[in-house]
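Have a look at the structure below, then the notes.
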Protein chains: 2
Amino acid sequence: MLSHKAKYALKALLYLAEQDENHISRTVEIAEGANIPKKFLEQILLDLKRGRFVSSKQGKFGGYYLIKSKNEITLAEIHRLFDGAIALLPCASLNFYEPCSDCKTESECSLHHGLVLIRDKTLKAMEGITIASLVKK
Amino acid sequence: MLSHKAKYALKALLYLAEQDENHISRTVEIAEGANIPKKFLEQILLDLKRGRFVSSKQGKFGGYYLIKSKNEITLAEIHRLFDGAIALLPCASLNFYEPCSDCKTESECSLHHGLVLIRDKTLKAMEGITIASLVKK
DNA sequence: GTAAATTCTATAGATTTACTAGGGATTAGA
DNA sequence: TCTAATCCCTAGTAAATCTATAGAATTTAC
């Protein structure tokens, strides 16, 4: 399941993607438009900025805007930024790999192999969902 | 990501699936064989029993054994039993559906649609992974 | 200088996770 | 019938995580 943070991030990105080119959106505007708690959204937008999905203009008349094409922002990326690994266990993860401490036996290898299959399919599916694909309902 | 509970459940089921027909496995035997904390495993086995994946024999020389074919126990079922919904949000879930309180707008519908696509693909993938498919490494 | 906005740090409350503890109930066999 | 072995059940607990909220610092336009 997605965390609220990831869900809010997607909704915020959708909101930004629906605005006119060159429009700068204030946090409060996004918060009201997408129904997200404002102070929580502040943190999320900063995370999105650190992840290079959006950029900001500070000060009066400042706000946020997309810097990555809505065709190139995928669900997979947002999941990784806010909720971490897409794989079901760290030992099956590409970007968050860790060996499993309790997996030394035969059954471990088997589990691992199945989870890598799942990861591949889920990842491919998630990479197919972009902000653009969501906007054009 | 899978919880430890779900991971341990899978490992315990794998252990049981690898035993001879009619063999009854004690909790401590599974715990040592699959490297799972024993008292934690007790709870997990009870959950698996309530879920009708295993049954037990009580008293001296008791233990656990599979009652569902290892070809019919899927990762999807174990995920649902221990970790709940497979979908990324409750509003996209088949078995754990709940409407999203904050989703009243256009962007909600869009998000929903994409997440249903993901759910369908992930579910199909998870239903393809059975205990039997994991045993025969 | 002032107002409006982002940015940063801290923190609080609730929930969940991953166990652990301790005993009760059941059964087999001596 | 006693005893040991085993499953069964309920609590509790420490740590982490999640979901925010608070407040002040910084930046910018005018």
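In what follows, every heavy atom counts, from backbone to side chain, and hydrogens, waters and symmetry copies are set aside. Below, chain A is the first sequence line, B the second, and so on; all start at residue 1.
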State which of dC9(D), dT7(C), dT6(D) makes the closest approach to the side chain of Leu46(A). dT7(C)
Mind checking Lys7(A) for me? I need base, sugar-phosphate or nothing, with any heavy atom below 4.0 Å counting as a touch. nothing
Sequence neighbours left out, what passes salt bridge (charged side-chain N to carboxylate O under 4.0 Å, His left out) with Lys60(A)? Give chain and number order. none
For the pair Asp83(A) (side chain) and Ser3(A) (backbone), establish whether a donor and an acceptor sit closer than 3.5 Å, ignoring hydrogens and angles. yes
Taking distance alone, no hydrogens or angles, what donor-acceptor pairs closer than 3.5 Å link side-chain atoms of residues 120-128 of chain B to residues at least two apart or in another chain?
residue   : atom : partner   : partner atom : Å
Thr122(B) : OG1  : Ile118(B) : O            : 2.8

If I take atom CD1 in residue Ile44(A) and atom P in nucleotide dC8(C), what distance separates them, rounded to the nearest angstrom? 16 Å
Just by distance, no angles: are the side chains of Glu29(A) and His23(A) close enough, under 3.5 Å, to form a donor-acceptor pair? yes
Given the rule that I, L, V, M, F, W and Y join up when any side-chain heavy atoms are under 4.5 Å apart, are Leu13(A) and Leu81(A) in one cluster? yes
How close or far is atom P of dT6(C) from atom CG of Leu45(A), stated in whole angstroms? 8 Å
Given the rule that I, L, V, M, F, W and Y join up when any side-chain heavy atoms are under 4.5 Å apart, are Ile24(A) and Leu46(A) in one cluster? no
Can a side chain N or O of Tyr64(A) be found less than 4.0 Å away from OP1 or OP2 on dT7(C)? yes
So does Arg50(A) get a side-chain nitrogen or oxygen closer than 4.0 Å to the phosphate oxygens (OP1/OP2) of dC8(C)? yes
Using whole Å, what does the distance between atom C1' of nucleotide dA4(C) and atom NZ of Lys57(A) come to? 11 Å
Where protein sits on nucleotides 18-25 of chain C, one letter per nucleotide: B base, S sugar-phosphate only, - none, heavy atoms under 4.0 Å: SBBBBB--
Starting at atom CZ of Phe82(A), determine the distance to atom P of dC18(D), rounded to an integer number of angstrom. 12 Å
In this structure, how many angstroms lie between the P atom of dC7(D) and the CD1 atom of Ile24(B), rounded? 10 Å
By nearest-heavy-atom nucleotide on DNA chain D, the more 5' of Asp83(A) and Arg26(B) is Arg26(B)
Value in whole Å for how far the P atom of dT15(C) lies from CE of Met1(A): 16 Å
Does a nitrogen or oxygen in the side chain of Ser56(A) sit under 4.0 Å from OP1 or OP2 of dA5(C)? no
Does Lys49(A) have a side-chain nitrogen or oxygen under 4.0 Å from the phosphate oxygens OP1 or OP2 of dT6(C)? no
Can you name the closest pair of heavy atoms from Ala85(B) and Met1(A) and give their distance? CB-SD, 3.7 Å
